[in-house]
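Inspection log for the structure reproduced underneath, given as structure tokens.
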Amino acid sequence: MTTRSCPCGLPEPYEKCCGRYHRGEAAAPTAEALMRSRYCAFVRGDAAYLLRTWHPRTRPARLDLDARTRWTGLEILGSTGGSAFHTTGTVTFRASYRGGSLHEHSRFERLDGAWVYVDGDFPE
């Protein structure tokens with residue numbers, strides 16, 4: 001990742017990549033795009049976006065992010081569904097941070113036409 005690329009790992013600058021989703025100018029068109037934008041929200045400490053893109057059925061009442069966590073990279077390991085032609089999708093990823101990594105298999109659904117994060121589990 002260059003200093004000019006989006007934290008989600010795509011080469012576009014943040015403003016043209018995940019920034020437009022965070023600002024509410026566009027909705028993520030796929031489950032993977034939403035997952036990338038949520039990772040970017042963790043990097044930037046944007047709890048409001050994370051809550052806004054979480055399914056109401058599983059969303060916590062509040063989200064306290066640890067400002068000391070330094071996210072260092074995102075690797076997409078696989079995905080199923082999650083396109084404009086699907087109502088559900090999954091994304092398996094590894095998000096690295098200083099001192100470790102998080103490996104998650106996330107589930108997404110379309111809610112009123114927009115992709116939202118439902119939940120995830122942590123494969124071995």
Side-chain angles (χ1 to χ4, degrees):
M1 180 168 68
T2 69
T3 57
R4 302 186 78 197
S5 63
C6 188
C8 79
L10 295 178
E12 293 88 1
Y14 167 77
E15 294 299 323
K16 291 183 178 180
C17 192
C18 294
R20 60 196 169 118
Y21 305 139
H22 294 174
R23 292 186 305 272
E25 296 169 358
T30 65
E32 181 179 325
L34 179 64
M35 195 285 311
R36 286 180 177 278
S37 72
R38 286 176 56 83
Y39 168 81
C40 189
F42 274 102
V43 170
R44 297 178 63 86
D46 190 347
Y49 179 78
L50 293 166
L51 290 170
R52 195 167 61 247
T53 58
W54 208 314
H55 197 294
R57 179 176 77 234
T58 56
R59 178 177 47 221
R62 61 183 261 203
L63 186 60
D64 296 318
L65 301 178
D66 185 347
R68 296 171 296 170
T69 301
R70 296 292 176 241
W71 296 98
T72 59
L74 176 66
E75 178 185 7
I76 304 298
L77 302 173
S79 64
T80 62
S83 77
F85 303 105
H86 298 101
T87 56
T88 63
T90 66
V91 179
T92 303
F93 67 92
R94 180 170 292 111
S96 300
Y97 56 89
R98 277 196 202 137
S101 67
L102 170 73
H103 182 195
E104 182 173 324
H105 179 78
S106 298
R107 286 175 282 281
F108 298 86
E109 290 181 12
R110 277 201 190 267
L111 182 64
D112 298 327
W115 285 106
V116 291
Y117 171 77
V118 177
D119 61 15
D121 51 18
F122 306 101
E124 295 297 320

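A distance of 11.0 Å separates CZ of Phe93 from CD of Glu32, quoted to the nearest 0.5 Å. For the atom pair Tyr39 OH and Cys6 SG, the distance stands at 10.0 Å (nearest 0.5 Å).
Proximity of Ser79 to Thr30: side-chain heavy atoms (C-beta onward) are nowhere separated by under 4.5 Å. Counting heavy atoms from C-beta on, the side chains of Arg107 and Thr88 never come closer than 4.5 Å.
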Less than 3.5 Å apart, which donor and acceptor atoms pair up between the side chains of residues 94-102 and the rest of the protein, not counting sequence neighbours?
none

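Annotation: cation-pi pair Arg38/Trp54 present, NZ/CZ under 6.0 Å from the ring centroid and within 45° of its normal.
A search for side chain to side chain contact (heavy atoms under 4.5 Å, CB included) contacts involving Leu65 returns Phe42, Ala47, Leu50, Leu63, not counting sequence neighbours. Partners of Ser83 according to the side chain to side chain donor-acceptor pair (under 3.5 Å) rule, which considers only residues two or more places apart in sequence or in another chain, are His86. When the side chain to side chain donor-acceptor pair (under 3.5 Å) test is applied to Thr92, the partners found at least two apart in sequence or on another chain are His105. Shown here are the side chain to side chain donor-acceptor pair (under 3.5 Å) partners of Ser106, two or more places apart in sequence or in another chain: Glu104.
The two residues Phe122 and His103 have their closest heavy-atom pair at CD2-O, 3.3 Å.
Residues in residues 5-25 take part in these ring-ring contact (aromatic ring centres under 6.0 Å, His included) pairs, two or more places apart or across chains: Tyr14-His22, His22-Tyr49.
Atom CZ of Arg23 has more than 12 neighbouring heavy atoms from other residues, nucleotides or ligands inside a 6.0 Å radius.
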